[in-house]
Visitor: 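Structure below; questions to follow.
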Amino acid sequence: MRLIFATHNPNKVREIQAIVPSYIKIQSLAELDYNTPIIESGYNLEENALMKAKTVYDQFKRACFSEDTGLEIAALQGAPGVHSARYAGENATDKENVQKVLAQLGDEPNRKARFRTILALVMSPEEIYMFEGLCIGNILMGPQGVHGFGYDPIFQPNGYEKTFGEMTSSEKQAISHRTHAFEKMNSFLVRYRSPR
Ligand code: IMP
């Protein structure tokens with residue numbers, strides 16, 4: 001079974017390919033020579049994920065899924081959320097986004113936060129499924145560690161003494177929001193039987 005992953009990010013493709021059974025072959029947009037940027041103008045992660053998966057499904061008429069992730073901070077009413085990639089501006093760097101979050105939080109004692117991943121899977125226009133993965137933790141007062149990307153250096157998952165930025169990629173992958181969402185989709189795919 002071939003499944004299109006509506007992403008240009010090869011790391012994400014490798015991550016999911018390692019989880020799904022070998023009879024499912026994940027194809028990225030790069031492999032399909034699809035270079036058109038997909039508009040992400042949704043009001044939340046669900047809308048964005050759905051928009052991407054439907055756009056790509058319409059193009060290829062083949063089973064397809066997409067992913068959208070955001071960092072949700074309780075004291076910031078869920079921000080940066082769907083705006084995580086561009087929180088400090090259109091071309092903001094990870095460092096600028098992190099600095100904006102830290103500045104907004106200041107010395108706020110409630111540092112609770114979570115990463116949330118939404119996967120939208122379009123098997124056909126009538127069969128659309130969503131999967132959610134969470135990783136719950138706290139935002140530290142300053143960055144720690146140099147690994148990972150995005151908000152990893154300021155996010156410490158519950159039950160761990162290290163930030164994501166201090167973990168190896170396999171340590172992070174074992175507990176990450178994306179892994180949880182991928183595993184849910186994987187269990188679904190293993191059981192999936194096409195009605196056609
Ligand atoms: P995307 O939807 O996976 O592209 O994620 C959007 C933005 O959320 C990224 O640009 C990062 O700023 C942030 N983000 C997503 N996943 C992670 C993660 O695992 N660690 C840190 N930041 C992340």
Side-chain angles (χ1 to χ4, degrees), residues 5-16 18-19 26 28-30 37-53 55-56 64-73 76 78-105 111-121 130-140 142-158 160 162-185:
F5 187 0
T7 183
H8 286 100
N9 184 331
N11 296 317
K12 289 183 181 175
V13 178
R14 262 196 298 276
E15 227 176 274
I16 177 73
I19 296 174
I26 305 293
S28 75
L29 296 182
I38 305 171
I39 295 157
E40 294 187 33
S41 56
Y43 285 104
N44 53 39
L45 300 173
E46 285 81 356
E47 268 188 27
N48 267 353
L50 210 50
M51 220 178 263
K52 283 188 276 189
T55 304
V56 173
C64 165
F65 71 96
S66 77
E67 178 258 352
D68 208 34
T69 295
L71 173 66
E72 299 177 338
I73 300 175
L76 301 180
V82 73
H83 306 295
S84 293
R86 288 169 287 276
Y87 196 44
E90 199 49 42
N91 300 310
T93 61
D94 284 348
K95 206 170 166 183
E96 288 165 341
N97 288 331
V98 162
Q99 288 309 325
K100 179 167 177 185
V101 161
L102 290 176
Q104 286 191 323
L105 276 177
R111 318 289 295 187
K112 286 188 188 128
R114 64 183 191 182
F115 277 111
R116 196 161 74 91
T117 292
I118 294 293
L119 299 179
L121 171 67
M130 311 279 270
F131 305 90
E132 180 184 64
L134 298 175
C135 184
I136 295 170
N138 283 285
I139 302 297
L140 300 192
Q144 285 179 206
V146 294
H147 300 301
F149 69 102
Y151 301 90
D152 280 347
I154 55 168
F155 182 82
Q156 187 175 63
N158 284 352
Y160 293 81
K162 298 184 205 177
T163 65
F164 269 167
E166 293 170 299
M167 293 184 181
T168 61
S169 59
S170 55
E171 280 176 313
K172 176 185 168 188
Q173 207 168 311
I175 57 166
S176 93
H177 38 291
R178 231 180 320 277
T179 301
H180 291 314
F182 280 155
E183 282 173 351
K184 281 187 191 170
M185 186 175 77

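Indexing begins at 1, ligand by ligand and atom by atom, following the structure's order. The structure displayed is predicted, hence computed values, not measured ones.
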Visitor: Is Thr69 in polar range of ligand 1, meaning some N or O pair under 3.5 Å apart?
Guide: yes
Visitor: Around atom 12 (O) of ligand 1, find the nearest protein heavy atom and jot down its residue, atom name and distance.
Guide: Tyr151 CE1, 3.3 Å
Visitor: Give a yes-or-no answer on whether the side chains of Glu67 and Thr69 include a donor-acceptor pair shorter than 3.5 Å.
Guide: yes
Visitor: Does the Asp94 side chain pair with the main chain of Gly150, one donor and one acceptor, at a distance under 3.5 Å?
Guide: yes
Visitor: Verify, without hydrogens or angle tests, whether Arg114 (side chain) and Cys135 (backbone) share a donor-acceptor contact under 3.5 angstrom.
Guide: no
Visitor: Among all the protein's non-hydrogen atoms, which is closest to atom 8 (O) of ligand 1, and how far away is it?
Guide: Ser84 CB, 3.4 Å
Visitor: So which protein heavy atom does atom 14 (N) of ligand 1 come closest to, and at what separation?
Guide: Phe149 CE1, 3.8 Å
Visitor: Any N or O of Asn97 that comes nearer than 3.5 Å to an N or O of ligand 1?
Guide: no
Visitor: If you have a sec, work out which protein heavy atom is nearest atom 20 (N) of ligand 1 and how many Å separate them, to one decimal?
Guide: Asp152 OD1, 2.6 Å
Visitor: For ligand 1 and Lys52, I'd like to know whether there is a polar contact (N/O to N/O, distance under 3.5 Å).
Guide: no
Visitor: Does Lys100 make a cation-pi contact with Tyr87 (under 6.0 Å, within 45 degrees of the axis)?
Guide: yes
Visitor: For atom 1 (P) of ligand 1, grab the closest protein heavy atom and report residue, atom and distance to one decimal in Å.
Guide: Lys12 NZ, 3.4 Å
Visitor: So, Glu46 and Arg116, do they make that salt bridge, N to O below 4.0 Å?
Guide: yes
Visitor: Kindly say whether Ala85 contributes a backbone atom to a donor-acceptor pair with the side chain of Asn97 at under 3.5 angstrom?
Guide: yes
